[in-house]
Peer 1: 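Got a structure for you, questions after.
This one's a predicted model, so the numbers in the text were calculated from it and none came from an experiment. Every chain is numbered from 1, with letters handed out A, B, ... down the list of sequences.
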Amino acid sequence: MEHESLTQEPEKKTKSKESDNVIKNIFSWIINNIKFLLIPASRLDDLTFREREYEMKISKRKFIRRLKSTLTILGISIIFFIVTLAVFAPWFSQYSFEHLAGIHTGMWDPPSPEHPLGQTNLGRDILGRMIYGSRASLTIALPAIFFSLVFGVIFGVIAGFYGGWPESIIMRIMDIFLAFPGLILAMVFIYIWEQRIEYIMLAYGIIGIPYYSRLIRGSVIQARELPYVQAAKVAGASNWRIMFKHILPNCIQPVIISFTFDIGGIILSLAGLSFLGFSDPQLIEWGNDIAEARGHLYDAPWGAMWPGIMILITVLGFMLFGDGLRDALDPRLRNL
Amino acid sequence: MSLIKYIARRFIALLPVLFGVVTLTFFLSRLMPGDPVLAFLGDRWTTEQYNYQLHRLGLDKPIIEQYVIYLGDLFTGQWGISVSINRGQPVWDLVLERFTRTFDIAILAIIISSIVGIKTGIISATNRNKPKDTIFRGMALIGVAIPVFWMGMILRYIFSYLIPIFPGLNYKNPGIGDPPIITHFRVIDSILSGQIYLIIDYLYHLILPVFCLSFITLAGVVRQTRSSMLEVLEQDYVRTARAKGCKEEDVINIHARKNAMIPTVTVIGMSFGYLLGGAILTETTFNLNGVGALVMIAIRNTDYWVLNAVVFCITLTFVMVNLGADLIYGLIDPRIRY
Amino acid sequence: MTLTEKKEIIEENRKNQMKSAIKEDSNLLLQVKNLKTYFYTEEGIVKAVDGVSFNIYKNEVLGLVGETGCGKSVTALSILRLVRSPGRIIEGSIEFNNINMLELSEEEMRSHRGNDITMIFQDPLNSLNPVILAGDQVAEVFLLHQEEELNKILDVHLLERDKLVQELKELKKEFKENKEQLSETEKEEFKVKIKDFKKKIPKAPNLKDVALEKAEQIIKEVGIADAKQILKRYPHELSGGMRQRIMIAMGLSCTPLLLIADEPTTALDVTIQAQILDLMKNLQKKFDTSILMITHDLGIIAELSDRVAVMYSGNIVEYATAEDLFKNPRHPYTQGLIGAIPSVEKKDKKLTVIRGMVPNLIYPPSGCRFHPRCTERLEICDKIKPRFLEIDDRYFIACHLFDPEYKESPKYQWDETEIKESYKV
Amino acid sequence: MTVINEKTKISERKKDVVITVRNLKTYYTILGGLFQRKIGYVKAVDDVSFDLYRGETLGLVGESGCGKTTIGNTILNLVPATSGEIYFEDDRIDNNFTQDFRKKIQMVFQDPDSSLNPRWKIVNIIGEPLRILEGMKKRREIRKRVLELLETVSMKVEHLDRYPHEFSGGQKQRIVIARALACNPEVIILDEPTSALDVSVQAQILNLLKDLQIQFNLALLFITHDLSVIQHIGNRIEVMYLGKFVEEGTIDDVFYHPTHPYTKALLSARPTFDPTTRSNRIILEGEVPSAINPPSGCYFHPRCPEMEDRIGCNIEEPKKISISETHHIWCQPFKNGKKF
């Protein structure tokens with residue numbers, strides 16, 4: 001009897017939730033598929049059809065609920081905000097790109113009606129440069145990190161799976177790059193090539209490779225001893241198939257989590273490089289602006305403050321999201 | 001005995017890495033555009049002077065020969081002269097002077113962030129998903145999301161301009177002298193020469209930079225401590241401890257903390273690399289005149305010798321800190337056999 | 001049936017359970033009544049333990065047997081109140097020596113844990129702290145629960161030491177007084193004497209040393225010959241059997257009234273398992289301890305236990321003396337379980353199989369939880385939860401087949417397709 | 001050449017041998033020291049020979065770490081053999097393991113949880129050998145065959161598109177068995193297939209295996225530590241201790257006339273319902289020594305309760321003693337000339 005009263009409850013819930021909302025359906029489809037990519041939820045078998053439906057709904061929601069902590073939502077909204085800003089920069093900004101890169105009167109002028117956040121050394125509008133700056137950060141960070149991700153994963157999987165001398169060679173090279181101070185390596189790379197955006201991307205892409213390969217190598221080494229890999233061997237699968245079809249999907253999760261963190265990290269490093277003057281000076285970039293304002297800290301604090309806040313917010317967004325994602329996906333915390 | 005053997009083995013394992021870094025820097029630095037001889041000679045020079053300096057710096061030899069000579073010099077301590085800074089100052093002196101300062105900040109920052117981070121992480125884990133936890137994690141994340149150099153500037157603006165209680169620039173009061181150079185470490189030298197006020201002055205100047213810098217590793221330490229603590233608290237032996245009748249604080253302090261420290265130590269060691277990068281930025285903000293400024297001048301003037309020496313020192317420090325972390329790891333975890 | 005009627009039946013069932021399950025007995029050590037422990041997970045409420053009642057008497061071994069996930073470990077943890085969030089004990093009482101454990105404060109509860117109720121766990125490698133020496137882990141139990149006794153022993157030790165120190169002083173005094181009269185060789189002799197005496201005086205012991213001393217004794221007790229060596233080892237340096245011995249030593253160190261053993265031999269090899277079971281049998285007699293033995297292996301239960309409780313899906317279905325139960329199991333589930341064990345007689349025959357699968361505990365079947373798999377199913381089985389009845393002296397069973405009230409209930413007719421389907425999993 | 005001659009002799013004698021293992025040794029090297037040199041071996045499998053006949057179940061029994069799993073892995077070429085020969089029918093497979101043999105020899109692993117890829121659907125998991133070994137390409141064809149296989153192991157149709165975590169342990173083990181059956185193998189190596197399962201589920205799986213064996217005329221190499229299970233399902237049995245066989249024979253030989261002291265102890269150590277067996281239980285002292293540094297002579301002698309009665313246990317390697325045509329032990333003769 002107790003049993004019946006309990007099973008009535010989910011029915012009510014499912015009915016109330018089943019409103020025909022297209023956007024919601026699309027969203028739930030995405031969440032559903034992300035879930036299968038990332039977490040095997042703990043659904044139990046041998047239920048009636050109704051119970052099963054309920055289970056499916058609730059485990060879908062389980063992932064969302066994990067993700068739904070205040071901090072994570074904050075992170076997602078920040079990312080959304082920054083991306084919108086970058087995509088629609090011309091609509092948000094009062095001034096055009098050319099204007100913001102030009103030279104105007106009004107050196108270090110304080111905030112005024114035309115320039116709500118003040119002006120820079122060359123009289124450029126700080127607000128406009130803040131908005132356009134999001135473009136530079138995202139366009140450098142994303143390709144760079146994809147570059148390191150792809151190559152890092154390939155090297156890491158190969159090293160972890162084969163062991164022996166391929167591992168020794170790959171990992172020794174990775175160790176060298178890891179031990180090399182990253183910031184100086186980036187500075188040297190950028191100085192060797194030109195200070196142009198594509199080279200900065202490439203430099204960062206190369207520097208990121210060892211982190212991912214180390215990360216994935218560890219999980220591949222663990223996974224390659226597991227019976228399902230042995231089973232794949234028994235089923236006659238080739239090494240490449242085992243590496244990239246059997247093992248990789250099971251090892252990619254920590255990389256995905258780290259990926260969200262690292263977007264933030266790269267934006268931060270980029271700003272640092274620009275601050276030291278190793279960046280394209282023509283670029284509208286927050287780090288450049290801070291570097292410019294460095295000498296005028298006491299008389300024009302607005303010059304340094306606003307771009308810094310933008311960096312802080314952007315990086316924080318990615319890190320909050322990464323943190324939330326990690327908590328939602330962490331297998332150790334899954335059953336709590 | 002086995003410990004010494006272990007250290008020796010680890011050290012030998014490090015040699016290829018160090019060698020690789022040295023090689024990489026050497027060839028990368030040769031790829032840099034620019035001419036060190038021109039940097040040395042300045043604006044006015046004759047071909048004879050040029051050729052003479054080229055020969056003197058050893059740049060007229062084939063690159064492989066230069067490399068071999070360079071390796072030899074590296075191990076005999078003849079690190080050459082700087083072509084860009086002070087025109088011909090020995091690199092060894094230069095590096096010692098600047099590097100020790102960076103080293104001081106980095107070590108102080110890592111100690112502070114470890115202590116604070118571990119404490120916060122444990123509190124966070126034991127109050128999982130409670131407001132305390134959220135606040136601590138949020139704070140740590142903000143700390144890591146702030147660009148260090150910008151944070152430094154804001155701190156300078158607030159604490160040395162609006163409310164002038166801390167010095168904003170430099171590592172010492174201009175009116176204060178230096179202790180006699182013995183070890184190049186300012187703190188040690190001051191103690192050796194008995195000038196305690198120098199230490200106070202020095203540390204007083206380092207408060208803001210170290211504060212900034214320790215935030216870089218803090219979030220990582222907090223996160224790692226929290227998650228490994230949560231994991232350890234789920235373990236069977238913690239259940240055993242509870243079944244024995246241990247108090248909750250004893251469960252955490254005696255049974256769980258040491259186990260939770262094991263992965264944290266590794267994270268601290270690894271994040272030291274970030275910290276050294278951050279130190280370059282921080283000292284630029286605070287005009288500490290450390291290794292950061294040196295590197296930038298070296299790169300801009302293609303000063304091979306300085307660049308190579310700095311990279312070598314930083315790598316060596318990084319590698320040694322990691323070796324230390326490994327040793328601590330072994331001390332904590334008896335399952336690691338030396 | 002209306003809702004009120006249903007409620008009445010539930011109420012009545014409950015009362016009957018209370019009445020029948022428990023009889024006044026001076027030998028009673030632990031009395032668990034209608035214990036319910038639920039886990040409030042995100043998927044739903046897992047009813048891991050759903051109305052379990054049993055008694056443990058002094059000096060007896062009760063075997064709690066059941067398959068994975070039937071709630072036997074949760075029952076054990078509930079007794080110690082170690083169920084972790086999201087689990088909660090929501091109903092029932094656990095009376096230990098006439099104290100209701102569920103009403104004690106956390107502080108009082110702690111004084112019981114490890115002292116008069118102790119527990120050993122399945123996996124001795126993970127149950128011992130890897131970074132603490134085995135000796136320290138055993139000694140900790142003494143430090144936690146026997147501080148007074150340790151202090152007494154410590155006082156004795158200190159007094160002994162003081163006496164020796166006093167003697168040494170006197171010796172030195174004597175030497176000083178007689179210094180002039182003695183010859184050089186005699187002086188040397190005296191010096192040697194003092195030196196030897198000094199060596200005899202032990203280091204001033206502290207509480208932990210005394211605890212370690214006691215730990216050494218108890219470790220010897222569990223059949224480890226070189227106890228002194230073992231004290232200074234880390235758990236990973238010991239073999240599986242050795243670790244489990246250390247766990248047992250820890251469990252017995254305060255001579256508890258009740259030892260809960262949660263699958264103590266599952267992780268061990270057969271020959272080591274035999275050693276450990278033998279040891280537990282001997283120690284149980286020696287220490288006069290009651291044991292709650294939790295396992296899935298009916299063989300172990302048959303060897304060790306005086307009485308057996310069979311659990312299925314959060315309920316105890318049969319509870320009787322080991323002799324009765326194994327000679328003549330009555331509950332269809334117990335019958336099926338015993339039939340499923342391969343043995344000599346069943347060679348070349350098929351094993352009897354309980355068809356279907358263990359139900360999940362979020363949506364357990366209505367009525368008797370075993371009814372979808374039961375061959376003897378009555379019409380009533382899926383409607384009413386069976387009462388936990390005493391049908392013989394100390395023979396309890398929760399099955400409608402043995403309930404006089406439902407004698408008239410017709411047998412459920414399984415149709416062909418249903419049976420076919422139920423063999424599929 | 002001599003090897004081949006010997007081999008043909010064997011195959012003439014026993015026409016229905018599927019797998020022949022001769023003098024198999026599998027050693028794992030231990031690396032250590034300053035430069036990760038070889039510092040020793042773990043003799044996981046040490047000089048082992050046996051035959052597996054068509055349609056029979058051969059049990060490999062021993063405690064954990066005795067090398068029984070390694071034998072299975074070596075036959076499947078998951079671990080290289082150090083020396084010795086393995087034949088499938090008349091073809092040597094230890095140095096030339098082609099895809100054809102993969103079809104013929106399949107394996108079921110101990111832990112059903114981790115032997116299924118958590119990110120793959122059941123249809124793909126079971127379809128993997130079909131795709132690779134049978135060369136099936138069409139989706140529909142594979143699905144049809146997988147469905148057949150699922151029905152063979154009495155599972156339901158709707159399980160096809162689910163992920164492994166949605167199944168219970170028993171169901172997972174059925175899936176693993178279905179995968180092993182996919183290419184119509186002749187031999188299945190079962191590595192403790194029921195040790196992770198409950199008794200009632202174990203009974204289901206054992207019954208299923210028995211049915212399948214008759215249906216497909218399979219030869220099963222059943223690796224287990226549970227004597228009751230092998231007693232129920234096996235035809236012949238090999239008892240292992242520390243990488244070596246100590247006793248071999250039919251089920252009746254070993255269970256009713258155990259002769260080697262280790263087998264006797266192992267048999268009597270089983271917890272049973274029967275009170276009479278409990279009274280004369282042999283409890284071995286000590287634990288299994290490490291395979292890195294095994295005792296001299298007979299590996300079992302430090303724990304052997306009958307060592308006093310025999311000659312040279314701690315010096316000589318144990319000898320193979322035949323008790324009957326099918327029943328052999330590896331032991332030392334008695335001091336007073338007593339026969340076994």
Peer 1: Side chain, backbone, both or neither: which part of A/L74 has a heavy atom under 4.5 Å from chain B?
Peer 2: neither
Peer 1: For residues B/W150 and A/I311, determine if any side-chain heavy atom of one lies less than 4.5 Å from a side-chain heavy atom of the other.
Peer 2: no
Peer 1: Looking only at heavy atoms, what is the nearest atom pair of A/L268 and B/A145, with distance?
Peer 2: CD1-O, 3.4 Å
Peer 1: For the side chain to side chain contact (heavy atoms under 4.5 Å, CB included) test, which of A/V188, A/I192, A/I190 pairs with B/I299?
Peer 2: A/V188
Peer 1: Within a radius of less than 6.0 Å around CZ of B/F27, do more than 12 heavy atoms belonging to other residues, nucleotides or ligands occur?
Peer 2: yes
Peer 1: Using heavy-atom distances under 4.5 Å, tell me whether B/V148 contacts chain A through its side chain, its backbone, both, or neither.
Peer 2: neither
Peer 1: Is chain A contacted by the side chain of B/V17, its backbone, both, or neither, given a heavy-atom distance below 4.5 Å?
Peer 2: both
Peer 1: Using non-hydrogen atoms only, which part of A/F261 is less than 4.5 Å away from chain B: side chain, backbone, both, or neither?
Peer 2: side chain
Peer 1: Please look at A/I313 and chain B and tell me whether the side chain, the backbone, both or neither of the residue comes under 4.5 angstrom of a heavy atom of that chain.
Peer 2: neither
Peer 1: Report, as yes or no, whether the 6.0 Å neighbourhood of atom CH2 on A/W306 holds more than 12 heavy atoms from other residues, nucleotides or ligands.
Peer 2: no
Peer 1: Sort B/F318 into side chain, backbone, both or neither according to what part of it lies under 4.5 angstrom from a heavy atom of chain A.
Peer 2: side chain
Peer 1: Evaluate whether atom CZ of B/R137 has more than 12 neighbouring non-hydrogen atoms of other residues, nucleotides or ligands under 6.0 angstrom away.
Peer 2: yes
Peer 1: Please classify the contact of A/I173 with chain B as side chain, backbone, both or neither, using a heavy-atom distance under 4.5 Å.
Peer 2: neither
Peer 1: Looking at chain B, which one of A/L297, A/L183, A/L316 has the largest number of heavy-atom pairs inside 4.5 Å, strictly under?
Peer 2: A/L297
Peer 1: May I ask you to check whether over 12 heavy atoms, not counting those of A/F80, lie within 6.0 Å of atom CZ?
Peer 2: no
Peer 1: Nearest heavy-atom pair of A/F180 and B/L24: which atoms, and what distance?
Peer 2: CD1-CD2, 3.6 Å
Peer 1: Does the structure place the NZ or CZ of A/R294 under 6.0 Å from the centre of the six-membered ring of B/F149, at an angle of no more than 45° from the ring's axis?
Peer 2: no
Peer 1: With a 4.5 angstrom heavy-atom cut-off, which part of B/T23 approaches chain A: side chain, backbone, both or neither?
Peer 2: neither
Peer 1: For B/L307, which atoms come within 4.5 Å of any heavy atom of chain A: side chain, backbone, both, or neither?
Peer 2: side chain
Peer 1: Would you say that B/M151 contacts A/L312 through its side chain, given a criterion of any heavy-atom pair below 4.5 Å between the two side chains?
Peer 2: no
Peer 1: What verdict does the side-chain contact (heavy atoms from CB on, under 4.5 Å) test give for B/I280 and A/L276, after you've listed the backbone C-alpha separation in whole Å, the side-chain angles of each residue and the deciding distance to 0.1 Å?
Peer 2: CA-CA 9 Å; B/I280 292 175; A/L276 294 176; 4.3 Å; yes
Peer 1: Could you tell me the separation between the CG atom of A/L273 and the CG atom of B/L281, rounded to the nearest 0.5 Å?
Peer 2: 8.0 Å
Peer 1: Please check if any side-chain donor atom of B/S29 sits under 3.5 Å from a side-chain acceptor atom of A/Y191, or the reverse.
Peer 2: no
Peer 1: Would you check if B/I314 and A/P181 make a side-chain contact, meaning some heavy-atom pair closer than 4.5 Å?
Peer 2: yes
Peer 1: Given a strict heavy-atom distance threshold of 4.5 Å, which part of A/I176 is in contact with chain B: side chain, backbone, both, or neither?
Peer 2: both
Peer 1: Which pairs count as ring-ring contact (aromatic ring centres under 6.0 Å, His included) when at least one residue sits in residues 271-308 of chain B, sequence neighbours excluded?
Peer 2: none
Peer 1: Rounded to the nearest 0.5 Å, how far apart are CE of A/M319 and CZ of B/R223?
Peer 2: 7.0 Å
Peer 1: What distance do B/M296 atom CE and A/I184 atom CD1 have between them, rounded to the nearest 0.5 Å?
Peer 2: 11.0 Å
Peer 1: Which heavy atom of B/R300 sits nearest to which heavy atom of A/F278, and what is that distance?
Peer 2: NH2-CE1, 3.9 Å
Peer 1: Heavy atoms only, distances under 4.5 angstrom: which of B/V310, B/L276, B/V311 has the most pairs with chain A? Name it, please.
Peer 2: B/V311
Peer 1: Based on non-hydrogen pairs under 4.5 Å, which of A/L185, A/I290, A/L178 is most in contact with chain B?
Peer 2: A/I290
Peer 1: For B/R156, is it the side chain, the backbone, both, or neither that has a heavy atom closer than 4.5 Å to a heavy atom of chain A?
Peer 2: both
